Every structure is written in C-alpha cells, then in structure tokens.
Amino acid sequence: MDIAYIPSPSRGVLYIGPIPLRAYAFCIILGVVVAVWLGSKRWVARGGGKHTVGDIAVWAVPFGLVGGRLYHVITDNQLYFGEGKNPWNAFKIWEGGLGIWGAIAFGAVGAWIGARRRGVPLPAYADAIAPGIALAQALGRWGNWFNQELYGRETTLPWGLEIDKTLPNGEVVTGIYHPTFLYESLWCVGVAALVIWADRRFTLGHGRAFALYVAAYTVGRFWTEWLRIDEAHTFFGLRLNDWVAIAVFISAVVYLVIVGKKHPGREDPATIDPTATGPSDAAEPVEAPGSSGDSPAASRPSDKKVDGDSARSVAGSADKDAKNLT
C-alpha cells in the first residue's frame, strides 16, 4: 500500500531571483488572514465594528510570534546553546519552531493592549476570534510538512508520512512516520467547528468560547505530542508539552465552569464596541419596541416634519429606553 503514503516536499523554499519564498512563513501568514477574516465576521455579528478585529490583530500577531519563538527557544534551548551550537540560529524563525503556548500567552498580551486602546472587552474579542485561531493553527501545521519536522513514530499505516532529509549534523533520516502535523491540523479544524456550534447552541460569552477552544485543543495536542519523537524535555515519563497541555486544560475547564455560573449568556452588543457607530460597521440594528419592521423609519430618521406632540413622545420613549440600557 505504498501508494497511500504521504510524500514530503523535496523543498520548502521557492526562489524568485534572489528572493526566497518560504512555505512555512506562507502557511503562518495565510492562517493569520483566515483568523482575522473569520473573527471579523463573528465580531460584526455580535454588534462590533468591522475593522476592530484587524486593528487589534496588529498588536496581537507580532506579540504572538515573539512569544511563540521565545517559548520554543527556552524549552528547546539545547538546539541553540551549548558546545557546537550556533545561538544566532535562535532567530531563524523561518526554519520552524513556534510554541503555541507562548504564542497564545504573548498574543493575549498584545490583544489586551489593542483592546484597551479600542475600548473593547478582551473576553468578548477572544470569543469572536477563537475559531479563527484554531483554523490558523490548522493551516500553520502544514508549514511543518514542508519543513519535514515534528513527525511521529514509525508506522506501517497506509497514511504514513515519508521522510527523506539530511540533518544539520549530516545524519540522513528516511522512513515512514506518523503524520502528526496532519493529525493536529485536522483536529484544529474540528475544534473550530465545535466552538462555532457550541457558541450558537449555548450563546457563549465572557470568554467561554475561547476557553472551550483552549480545552478542546489541548486534548488533541496531548495525544499528538505523545506520538512525536523529536527531541524534548521529559518529566515523569511525559514530554514537557504534555504537562503544559494538562495544566492549560484544567485551567480552561475551571474558567468555563466559574464564568458560566457568574456570567451566563453573552455580553450586551451595545456595550462591546464603542467604535461601531452605524449599520455599516455593526450588525443589523435592533428595532425599537413597537416599531414596524416594514417601515424605513424603523432604521433611519424620517425626512418628514414631526409635530410637537409626536416629537415629545419620541423623545420620552428614547429617554426611557436609554435608562433601561444603562
């Protein structure tokens, strides 16, 4: 059944003249684009401005990249420091090596900064962007395929991954291995679908959709990490990332339970984004009580002159509605 094996690319870089186009970087960039696109659609549907997600991502993405690289370099420091190692390789992010735990942690710091600048509550923003992050991870894992890295144990399964590469020390690696990049990519697509479904079914808010994404992702990361054979620190028989997955899973579940009891439901759309100033920036406006959905006046001011009694009635009703909202 050799025909069913997954071949690895012969190279992960395409040169246009002197300019290298790296597949790993392309997968990361494509993932960011998809995350921002889907997050924007979800944010607008919740009543937010159409540019808010992108503006906050300007802060979140660079922070996430730095955090992801720092986590990788710190936890796999033996690859860059010590006898015979070149510390400058720690900056070669295009060769692979981004730790999702550091990327999410530092990305959250960047998102917090951007959210504060926009006057947006971070939990609501996190809920909107959560499934997009899962899809971004699904796409990013294909960069590992191009780099022929992070594969699992040897396997005789028909969907095994063919590896044929030369390591920096001159060692040649060939064989059929578990395609853990593919396992995790497919798992992340499933996580995105789960979050979207649960968000619609249970009206998740106050950061619970994001917590569900984190909890679901860590389950998949645990078993794919267990299959991997790349060098890693181990404690009590488990790889470091497995222990991190366990700790993060417990934290996410605790958050889901506590916040679900304290803040059931979702945030009021009128409070999540002060930049959503009109129908073009936000979701469809909610009709005022007693208004007719067929009347144009329900969604825009009338050009007709209103008599004094009608004007006072409208003003009184608006004042009452405003007090109820506050």
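Keep in mind it's a predicted model, so treat the numbers as computed, not measured.
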Please give me the minimum heavy-atom distance between [X] and [Y], naming the atom from each residue.
X: I93; Y: L98; answer: CD1-CD2, 3.5 Å
X: P131; Y: A192; answer: O-CB, 3.6 Å
X: A35; Y: G132; answer: CB-O, 3.3 Å
X: L139; Y: G31; answer: CD1-CA, 3.8 Å
X: G47; Y: I272; answer: C-CD1, 4.3 Å
X: Y80; Y: A90; answer: CD2-N, 3.5 Å

Can you name the side-chain contact (heavy atoms from CB on, under 4.5 Å) partners of [X], sequence neighbours left out?
X: T156; value: none
X: P62; value: none
X: A138; value: S185, C188, V189
X: A111; value: I56, A60, L122, Y125

- Message: Tell me every residue that passes side-chain hydrogen bond (donor to acceptor under 3.5 Å, both in side chains) with N86, counting only those two or more places apart in sequence or in another chain.
- Response: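 For N86, no residue satisfies side-chain hydrogen bond (donor to acceptor under 3.5 Å, both in side chains) once neighbours in sequence are set aside.
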May I ask whether [X] and [Y] are part of the same hydrophobic cluster, defined by side-chain heavy atoms of I, L, V, M, F, W, Y residues being less than 4.5 angstrom apart, directly or through others?
X: L238; Y: V219; answer: yes
X: I246; Y: V253; answer: yes
X: V195; Y: W187; answer: yes
X: L38; Y: I129; answer: no
X: W226; Y: F235; answer: yes

Provide the full list of salt bridge (Lys or Arg N to Asp or Glu O under 4.0 Å) pairs with a residue in [range], sequence neighbours left out, each pair given once.
range: residues 135-161; value: R141-E184
range: residues 237-256; value: E225-R239, D230-R239
range: residues 72-84; value: none
range: residues 99-110; value: none

Is the backbone of [Y] close enough, under 3.5 Å, to the side chain of [X] for a donor and an acceptor to pair up by distance?
X: K165; Y: Q148; result: yes
X: R208; Y: G205; result: yes
X: S8; Y: D164; result: no
X: T166; Y: V172; result: no
X: H178; Y: R228; result: no

Value rounded to 0.5 Å, distance of [atom1] in [X] from [atom2] in [Y]:
X: I176; Y: I163; atom1: CD1; atom2: CD1; result: 8.5 Å
X: R117; Y: I113; atom1: CZ; atom2: CD1; result: 9.0 Å
X: F222; Y: W243; atom1: CZ; atom2: CH2; result: 8.0 Å
X: N241; Y: H233; atom1: CG; atom2: NE2; result: 10.0 Å
X: L204; Y: I196; atom1: CG; atom2: CD1; result: 12.0 Å
X: L79; Y: N89; atom1: CG; atom2: CG; result: 9.5 Å

- Query: How would you list, by chain and number, every residue that makes a salt bridge (charged side-chain N to carboxylate O under 4.0 Å, His left out) with D55, sequence neighbours excluded?
  - Reply: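 Expected list: R118.
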- Message: For R42, give me all partners under salt bridge (charged side-chain N to carboxylate O under 4.0 Å, His left out), at least two apart in sequence or on another chain.
- Response: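 Counting only residues at least two positions away or on another chain, R42 forms a salt bridge (charged side-chain N to carboxylate O under 4.0 Å, His left out) with D199.
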- Query: Centroid-to-centroid, F202 to W197, below 6.0 Å?
  - Reply: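 Judged by ring-centre distance (under 6.0 Å), F202 and W197 do meet the cut-off.
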- Would you please indicate if the ring centroids of W142 and W145 are separated by under 6.0 Å?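 Close enough - the centres of the two rings lie under 6.0 Å apart.
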Any side-chain heavy-atom pair from [X] and [Y] closer than 4.5 angstrom?
X: D127; Y: R266; value: no
X: V120; Y: W43; value: yes
X: E162; Y: P7; value: yes
X: Y213; Y: I104; value: yes
X: N144; Y: Y24; value: yes
X: L182; Y: L161; value: no

- Message: Can you confirm whether K41 is buried at NZ, in the sense that more than 12 heavy atoms of other residues, nucleotides or ligands lie under 6.0 Å from that atom?
- Response: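 Atom NZ in K41 is not crowded, with 12 or fewer foreign heavy atoms closer than 6.0 Å.
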- F81, CZ: over 12 other non-hydrogen atoms inside 6.0 angstrom: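 For F81, atom CZ is crowded (more than 12 foreign heavy atoms under 6.0 Å).
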- Under 3.5 Å side-chain donor-acceptor pair for T52 and D273: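 Side chains of T52 and D273: pair found under 3.5 Å.
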Under 3.5 Å, side-chain donor or acceptor atoms of residues 254-265 against the rest of the protein: list the pairs with distances, not counting sequence neighbours.
{"residue": "Y255", "atom": "OH", "partner": "H206", "partner atom": "O", "Å": "2.7"}

